[in-house]
Amino acid sequence: MDPTTDNFGQPDTNGGNPSTTETAGNGGFNFNEALSSEYSSHPSIVKFNGDVNNLAKSYLSLEQLMGQGRVAIPKDGNDAVAWEAYDKAFNVPAKDQDYNLTTKEGFEYDKAAFTKLMRENHISPTAAQNILNSFSETIEEMGQSEAAAIEQQKIETVSALKAEWGAKYRQNMELANNTLVKLCESQEDYEHIRDIVGNDVACIKFLNKIGSLTTEGNLGGFEGQVSGFAKTPSEAKAEFDRIMNDPDDAYWAGSRNRRNDIKWCKEHNTTHVSEDERKARVQYVQSLMRMQG
């Protein structure tokens with residue numbers, strides 16, 4: 001077929017340009033022909049193939065889109081004008097303290113640091129609240145998981161020590177605990193260290209071993225206070241008699257000796273006996289009496 005004729009053998013008056021065919025629904029009008037070359041060749045114009053209806057449809061869609069309150073994307077962190085418009089559109093507070101965030105009772109966090117972070121990153125109050133909620137829930141779940149793990153470790157520790165120590169489990173645990181009490185300078189120190197090592201088999205056994213090897217005087221009369229729980233009646237009587245006949249024993253602090261006086265103890269290079277230690281010693285002596293039958 002002659003390329004200069006149409007399908008019916010008639011001359012092609014468009015010179016083979018497909019635009020007329022593609023814009024036939026537009027009455028054969030090609031708006032590209034009315035534009036200067038700098039516009040008619042632009043990709044954003046060429047894509048309409050000269051169809052003025054498609055152009056009009058695209059324009060109306062764009063106008064509708066712009067009328068929905070679209071916000072320009074800031075070019076960078078220094079685009080102050082765009083960021084101001086962005087903050088206004090998304091209701092981002094002008095000041096850190098204007099974030100009115102709430103949390104579950106008991107949950108603690110650095111509010112000043114958190115709101116500062118939200119403001120610097122242009123986070124809306126709604127989004128900030130959602131972030132905080134998610135964060136608090138995660139922390140709560142982690143706490144519950146950690147507590148469950150600690151409880152499980154405690155069960156395993158007790159089980160292991162009972163299997164190893166048998167009937168002496170309670171006695172050995174008391175010895176280990178009292179050893180830690182003696183080694184600590186304050187109740188706060190005791191509680192802190194107990195929370196760290198108190199659920200570890202090796203640490204508990206180590207404290208028990210220290211208590212077993214400690215002699216009278218090294219830790220304020222510690223061994224005599226706690227190491228005799230497994231004594232036979234005869235051993236208990238011998239230990240009871242030894243204490244009764246030793247005027248320097250912690251049992252007699254404040255009556256037959258002055259080991260309850262810190263200043264006196266320093267002057268005489270001997271260990272001080274606190275009131276709690278004296279009471280513990282009294283309880284031990286009473287237990288010796290019961291062991292004798």
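Position 1 is the first residue of the sequence; numbering continues from there.
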- Query: Is there a side-chain contact between Met118 and Ile131 (heavy atoms, below 4.5 Å)?
  - Reply: yes
- Looking only at heavy atoms, which two atoms of Ile204 and Ala176 are closest? And how far apart? O-CB, 3.6 Å
- Query: If you measure from the Lys or Arg side-chain nitrogens to the Asp or Glu carboxylate oxygens, is any gap between Glu191 and Arg194 under 4.0 Å?
  - Reply: no
- Task: Give the ring-plane orientation class for Tyr86 versus Phe90, where under 30° counts as parallel, over 60° as perpendicular and anything between as tilted.
- Result: tilted
- Query: Do Asn100 and Pro125 touch side chain to side chain, with heavy atoms closer than 4.5 Å?
  - Reply: no
- Query: NE2/His268 to CG/Asn257 distance, rounded to the nearest 0.5 angstrom?
  - Reply: 11.0 Å
- Flag the pair Phe31 / Asn53 as yes when at least one side-chain heavy-atom distance between them is below 4.5 Å, and no otherwise. no
- Just by distance, with hydrogens left out, do Asn133 and Gln129 show a side-chain donor and acceptor under 3.5 Å apart? yes
- With sequence neighbours left out, what residues match Phe114 under ring pair (Phe, Tyr, Trp, His ring centres under 6.0 Å)? Tyr109
- The remaining residues in the hydrophobic cluster of Ile150, counting side-chain heavy-atom contacts under 4.5 Å among Ile, Leu, Val, Met, Phe, Trp and Tyr, are none
- Message: Tell me whether Arg281 is salt-bridged to Glu277, with the criterion being a basic N under 4.0 Å from an acidic carboxylate O.
- Response: no
- Message: Assess the residue pair Thr270 and Cys265 against the criterion (side chain to side chain contact (heavy atoms under 4.5 Å, CB included)); give the C-alpha distance rounded to whole Å, side-chain angles, the decisive distance to 0.1 Å, and a yes or no.
- Response: CA-CA 5 Å; Thr270 188; Cys265 289; 3.9 Å; yes
- Message: Salt bridge check, Glu151 against Lys154: does any charged N sit closer than 4.0 Å to a carboxylate O?
- Response: no
- Atom pair CG/CG of Asn178 and Asn208 - distance to nearest 0.5 Å: 11.0 Å
- The single option from Asp200, Ile210, Asn172, Leu161 passing side-chain contact (heavy atoms from CB on, under 4.5 Å) against Lys205: Leu161
- Side-chain donor-acceptor pair under 3.5 Å between Ser145 and Glu141, yes or no? no
- Item | Carboxylate-amine/guanidinium contact Asp261 Arg258, below 4.0 Å | yes
- Side-chain touch Asn49/Asn54, heavy atoms, less than 4.5 angstrom: no
